[in-house]
Structures are given as C-alpha cells and as structure tokens.
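Below: the structure, in structure tokens.
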Protein chains: 2
Amino acid sequence: MRVPKKERQTELQHTIEQNPFITDEALATRFNVSIQTIRLDRMEMKIPELRERIKHVATERLDDVRTLTENEVIGDMIDLKLDTSAISILEILPEHAFSRNAIARGHILFAQANSLAIALIDDELALTTKANVQFTRSVHVGERVVAKAFVSSHRQDGRSDISVESFVGDECVFIGEFTVYRSSKEESR
Amino acid sequence: MRVPKKERQTELQHTIEQNPFITDEALATRFNVSIQTIRLDRMEMKIPELRERIKHVATERLDDVRTLTENEVIGDMIDLKLDTSAISILEILPEHAFSRNAIARGHILFAQANSLAIALIDDELALTTKANVQFTRSVHVGERVVAKAFVSSHRQDGRSDISVESFVGDECVFIGEFTVYRSSKEESR
DNA sequence: CTACTATTAGTACCAGGTAATAATGGTAGT
DNA sequence: ACTACCATTATTACCTGGTACTAATAGTAG
C-alpha cells in the first residue's frame with residue numbers, strides 16, 4: 001500500500017480542485033494506483049468526470065465574476081431611490097483581496113461606492129469627476145460590505161455631490177465624497 | 001437545397017460563437033442537413049469540435065477576466081523603483097467602460113492608480129487609508145492609460161503619500177493623491 | 001481460517017467526435 | 001445528351017475518457 005486510502009482521497013480532491021483538467025489516467029500514475037481505484041475514489045467523493053468538470057468551469061465563466069468589469073453596479077443593489085439614496089451589498093471574495101492577508105483591496109470598496117453613486121444619478125450620462133475617500137477599517141474576505149449613498153446636493157452647474165458610507169455590521173469601513181457630472185440636466189427633454 | 005452552403009456556414013459560425021456548447025447533431029437538425037455536412041463545414045471554417053470549444057472557454061476563464069480582481073496590479077507595470085516611482089499601462093477594453101458611451105468607469109482608473117501606489121510600497125503590508133482623486137478627462141475604449149506614481153513623502157507615522165497622474169498621450173486624465181499605510185516600517189528586520 | 005476491505009482486471013457500452021472512402025444527386029459547360 | 005464537378009450523405013473503423021457492472025486477487029484483523 002503506497003499511501004492510506006483516506007489520505008489519497010483528500011489529496012485527490014485537492015489535486016482536482018486546483019487542476020480540474022487532469023484525467024483519471026494521469027491521476028492514476030500520479031498516485032501510483034490503477035485507474036479503477038481513482039474512479040472508485042471519485043465515486044466516493046462524488047467528484048464528476050473530466051468533461052463534466054471542464055464544462056462546469058466553462059459555464060461558470062459565463063455568468064461569473066466579472067466583478068469589477070462588466071457589471072453596471074459592483075455589488076448587489078438592494079435599494080434605489082433615484083436622485084436621492086441607494087444601498088448595495090458586496091460580499092468580499094478571495095479574489096477581491098490580497099492573498100497574503102485576505103484584506104480587501106482599496107479599489108474594490110471604491111468601485112462599490114463609485115458605481116453606486118453613478119447608479120444613483122438618473123441621467124443619460126453620469127461621470128465621476130472627483131472623489132475624496134477614506135478607508136477607515138480594513139475589510140476581510142467573507143465580510144459583507146453595505147454601502148449607503150445619498151445625494152447631498154444637486155448643483156446648478158450639472159454636478160451632484162454624493163456621500164457614500166460603507167459598513168461591515170455597524171462599523172464604518174469607508175467614507176467617500178463623490179462629485180458626479182450629469183449630462184442631461186433635467187431641462188433637455 | 002435548403003439554404004446555400006456559404007450562407008449556412010456563416011450562420012453556423014455565428015451560432016457556435018454565441019453557443020459553443022452545441023453538438024454537431026443539434027446543429028444538423030437545426031440546419032436540416034446531415035451530421036457529415038456540419039462536420040465538413042466545421043473543417044472548412046476551422047471550427048474545433050465541441051469538447052475543444054468547451055475546453056477553450058474554460059481555460060480562457062482561468063487567465064482571463066481576473067483582470068480587475070486577482071492581479072496584484074491592474075494594468076501592466078512597465079517600470080518600478082521601489083519606494084520611489086512606478087509606471088503602468090492599461091488599455092481600456094469594452095468591459096471597462098459604460099456600454100452606452102464607451103467611456104471608462106471611474107473606478108477602473110482608480111483601480112489602476114491605487115494598485116500602482118500599493119505596489120510601489122516595498123513592505124509586507126500596504127493599505128490605502130485615504131485617497132483624493134480627480135477625473136480630468138473622460139477616457140474611451142481603445143485608449144491606453146499611462147499611470148505614473150511617485151512617493152511624495154514617507155512619514156514618520158508609517159504612512160506614505162503617493163501622487164499618481166494618468167495620461168492618454170500627453171493629456172492628463174486622472175490625478176490622485178493616495179495615503180498608504182505600511183506595516184513594517186523599515187526598522188523591523 | 002475466515003471475513004472484510006482495498007485494489008485491480010476485464011468486459012460491454014456510451015458520447016462525440018476524427019479520418020477516410022464511397023455513393024448519390026443536381027447543375028453547368030460544351 | 002454526356003461529362004465534369006460540387007455538395008451532400010452514408011458507412012465504416014477508430015479514438016478518448018469516461019460509466020456500469022462483475023469478478024478476481026491481496027492483505028489484514030478478528
């Protein structure tokens with residue numbers, strides 16, 4: 001016996017997790033057992049076959065993270081009163097954080113706040129022109145950040161000031177003042 | 001003949017592009033031709049088989065997006081003098097921008113600048129505590145943003161001030177002042 | 001010595017293909 | 001009308017990476 005069964009199985013799971021593209025055959029030579037043993041192991045661990053694993057990875061990609069890119073709003077908007085106030089929630093995932101210490105990168109919190117501020121403005125076009133932010137406490141992976149934004153003023157010159165405060169529980173982790181430019185200033189159509 | 005060959009082939013390509021998970025069999029019934037015809041078409045169009053397509057989508061996912069999340073630095077670092085200055089370049093892609101007007105979202109520029117500022121600090125741990133930013137010109141899809149960061153002061157209290165200016169060509173599009181907290185302040189080891 | 005477990009072997013079968021060869025059907029050129 | 005050519009279809013052998021099932025073997029504990 002090369003290695004106890006249990007140990008092999010947990011290692012197997014681990015191996016497949018971080019390289020879903022490995023075949024049973026490769027696993028067999030790797031653990032120095034027969035293919036059948038690998039297959040029995042997979043059965044017991046309920047690990048699907050190679051193609052299913054690949055398919056899974058592929059489909060995940062489609063409706064996946066894109067976290068900071070494609071989504072209009074970073075985080076889940078849970079409340080929105082146009083031109084008044086809005087709230088979004090963002091759960092901090094490992095990819096949002098530094099791997100060394102699992103602390104969320106600053107621009108993640110900024111992105112949540114900024115996209116919320118933009119969404120708040122009910123206009124054709126809204127662009128951030130200025131921002132003044134403070135990161136008051138570090139946020140860790142697994143925590144849920146609730147961002148609350150409200151418009152503090154609609155200026156005559158087509159700009160609006162928006163305040164955003166983000167919380168984990170009742171602790172404030174982020175404060176931001178955003179100045180947003182809006183294109184169609186109500187009067188145009 | 002149901003539909004001319006050429007027309008079918010371009011439609012085939014289109015179909016597969018937006019649904020790579022379709023089998024030859026499904027395509028055959030869909031276009032009302034035999035499986036062999038579909039395969040000849042794929043050959044001519046150099047479209048790989050289902051499993052290869054799925055695998056492609058899956059592997060793309062792994063080194064793809066991540067862009068704004070997993071990477072340590074958003075953009076490509078092209079110069080780095082630790083504790084002194086750094087430069088990175090980021091090409092604005094469609095997913096970085098609002099779909100309506102192809103203008104880059106503010107937090108994308110912020111992310112580039114912020115991650116550059118953090119990378120600049122040669123310490124175990126560096127965290128942004130404060131930022132003051134201005135978006136001086138809107139940036140469009142296709143433009144390449146060059147961010148230049150330099151340390152303006154290393155304070156006694158374990159904080160550093162970093163200035164970042166981003167350019168498209170010779171036009172300044174972003175100005176930012178970051179205050180970054182560093183953990184091990186030189187003296188420790 | 002037996003019971004049990006882990007492992008291995010072997011067979012039949014499946015999806016979704018590749019590769020190659022051949023047959024059919026229509027259409028255009030001369 | 002006959003031939004040449006193209007598109008289409010059919011057929012067969014084979015491939016990978018499996019599932020599902022049955023059976024044999026080896027080692028260990030009671």
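Note: hydrogens, waters and symmetry copies are ignored here, and every other heavy atom, side chains too, is used. Chain identifiers are assigned alphabetically (A, B, ...) following the order of the sequence lines, protein sequences preceding nucleic acid strands; residue numbering begins at 1 within each chain.
Whole-Å rounding puts the D24(B) CG to dG16(C) C1' distance at 8 Å. In this structure, CD of E7(B) is placed 15 Å from P of dA7(D), rounded to the nearest angstrom. In this structure, I22(A) places its CD1 atom 14 Å from C1' of dG17(D), rounding to the nearest Å. One can place NZ of K5(A) at 8 Å from C1' of dT5(C), the figure rounded to the nearest angstrom. dA15(C) atom C1' lies 12 Å from atom CD1 of I54(B), rounded to whole Å. As rounded to whole Å, 9 Å separates atom P of dT18(C) from atom CZ of R51(B). Note: NZ (K55(B)) to C1' (dG17(C)) measures 12 Å, nearest angstrom. When rounded to the nearest whole Å, the span between CG of L12(B) and C1' of dT8(D) equals 15 Å.
Minimum heavy-atom separation, L80(A) to A119(A): CD1-O, 4.1 Å.
Inspection of the R105(B) and S115(A) side chains reveals no N or O donor paired with an N or O acceptor under 3.5 Å.
Heavy atoms of other residues, nucleotides or ligands lying less than 6.0 angstrom from CZ of R137(B) number more than 12. Atom CZ of R155(B) sits in a crowded spot, with more than 12 heavy atoms from other residues, nucleotides or ligands closer than 6.0 Å. The local environment of CD in E25(B) is sparse, with at most 12 non-hydrogen atoms from other residues, nucleotides or ligands closer than 6.0 Å.
A cation-pi arrangement is absent between K55(B) and F21(A) under the rule of less than 6.0 angstrom and at most 45 degrees off the ring axis.
Of the candidates R53(A), K46(A), R51(A), R51(A) is the only one forming a salt bridge (Lys or Arg N to Asp or Glu O under 4.0 Å) with E49(A).
Taken residue by residue, residues 29-44 of chain B places heavy atoms nearer than 4.0 Å to DNA chain D at V33(B), S34(B), Q36(B), T37(B), L40(B).
Between F174(B) and F135(B), the ring-plane angle classifies as perpendicular under the 30° and 60° cut-offs.
Summary for the helix from dC1(C)-dG30(D) to dT30(C)-dA1(D): the axes at its two ends, each from 5 pairs, differ by 10° when rounded to the nearest 10 degrees.
Ion pairing between R159(B) and D161(B) fails under the 4.0 Å rule for side-chain N and carboxylate O.
Among the heavy atoms of the strands, none lies under 4.0 Å from R53(A).
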